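None of these values were measured; they are calculated from a predicted model. Below, all heavy atoms of this structure are taken into account, side chains as well, without hydrogens, waters or symmetry copies.
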Amino acid sequence: KNITRLFSPPGLEEQFKDVRSVLLPCLTSTSSFSNDKVSSTASVVLIGDRGSGKSLLLERCLQACQYEYPDAAKFRRIHINGIVCRGSDVSAVVYEMSQHHPPP
């Protein structure tokens, strides 16, 4: 099974591999003391013009991860508008939102 061929948006194969490589360790990491899953986080910032496929790319990467690891915890996505939130405020906003919006 070629996950990239199955899930990647056409023309975004390299970007798909890059984003997936950030997300996968969160699903596959295990504690060094036991086989219990470790709570991991990954952040991905996608920058590009409107309509360039950023949201589609992320959605397809998440679908691929859920396909490969159906028992993995649910993802929590936080979308931030870069025009409204800039600089160091971004990390504070992400943290605050993650505290008030538990995963499904």
Side-chain angles (χ1 to χ4, degrees):
K1 64 182 179 184
N2 187 335
I3 296 299
T4 302
R5 193 173 63 226
L6 285 173
F7 289 96
S8 176
L12 296 175
E13 292 83 6
E14 289 305 312
Q15 293 86 346
F16 177 86
K17 290 176 188 175
D18 290 343
V19 172
R20 188 168 158 263
S21 72
V22 172
L23 298 176
L24 277 181
C26 293
L27 298 175
T28 59
S29 61
T30 56
S31 169
S32 58
F33 300 107
S34 69
N35 288 334
D36 296 332
K37 286 286 183 186
V38 174
S39 176
S40 296
T41 61
S43 298
V44 178
V45 176
L46 301 176
I47 299 171
D49 294 334
R50 179 177 286 166
S52 63
K54 298 178 300 292
S55 294
L56 178 62
L57 176 64
L58 180 59
E59 185 63 37
R60 293 283 183 87
C61 284
L62 292 174
Q63 287 173 356
C65 289
Q66 288 176 333
Y67 175 81
E68 290 179 280
Y69 299 94
D71 295 332
K74 298 277 185 189
F75 291 99
R76 183 176 0 177
R77 291 185 299 177
I78 299 173
H79 293 260
I80 298 174
N81 186 328
I83 294 172
V84 175
C85 184
R86 295 189 176 273
S88 62
D89 291 343
V90 173
S91 60
V93 168
V94 170
Y95 177 78
E96 190 67 30
M97 289 178 75
S98 69
Q99 298 304 306
H100 294 291
H101 300 284

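By the criterion of side-chain heavy atoms lying less than 4.5 angstrom apart, applied directly or through intervening Ile, Leu, Val, Met, Phe, Trp or Tyr residues, L56 is not grouped with I3; the two fall into different hydrophobic clusters. One hydrophobic cluster holds both Y67 and V22 under the rule that ILVMFWY side chains link at heavy-atom gaps under 4.5 Å.
Between the S8 side chain and the R5 main chain, no donor and acceptor come within less than 3.5 Å of each other.
Partners of L12 according to the side-chain contact (heavy atoms from CB on, under 4.5 Å) rule, which considers only residues two or more places apart in sequence or in another chain, are P9, Q15, L57. Every residue was checked against the ring-ring contact (aromatic ring centres under 6.0 Å, His included) condition with F16, not counting sequence neighbours, and none meets it. Taking R60 as the reference, nothing meets the salt bridge (Lys or Arg N to Asp or Glu O under 4.0 Å) condition, with sequence neighbours excluded.
Q63 contributes atom CD, which lies 8.0 Å from atom CD of Q66 (distance to the nearest 0.5 angstrom). Taking SG from C65 and CG from L23, the interatomic distance works out to 5.0 Å, rounded to the nearest 0.5 Å.
Ion pairing between E59 and K54 fails under the 4.0 Å rule for side-chain N and carboxylate O.
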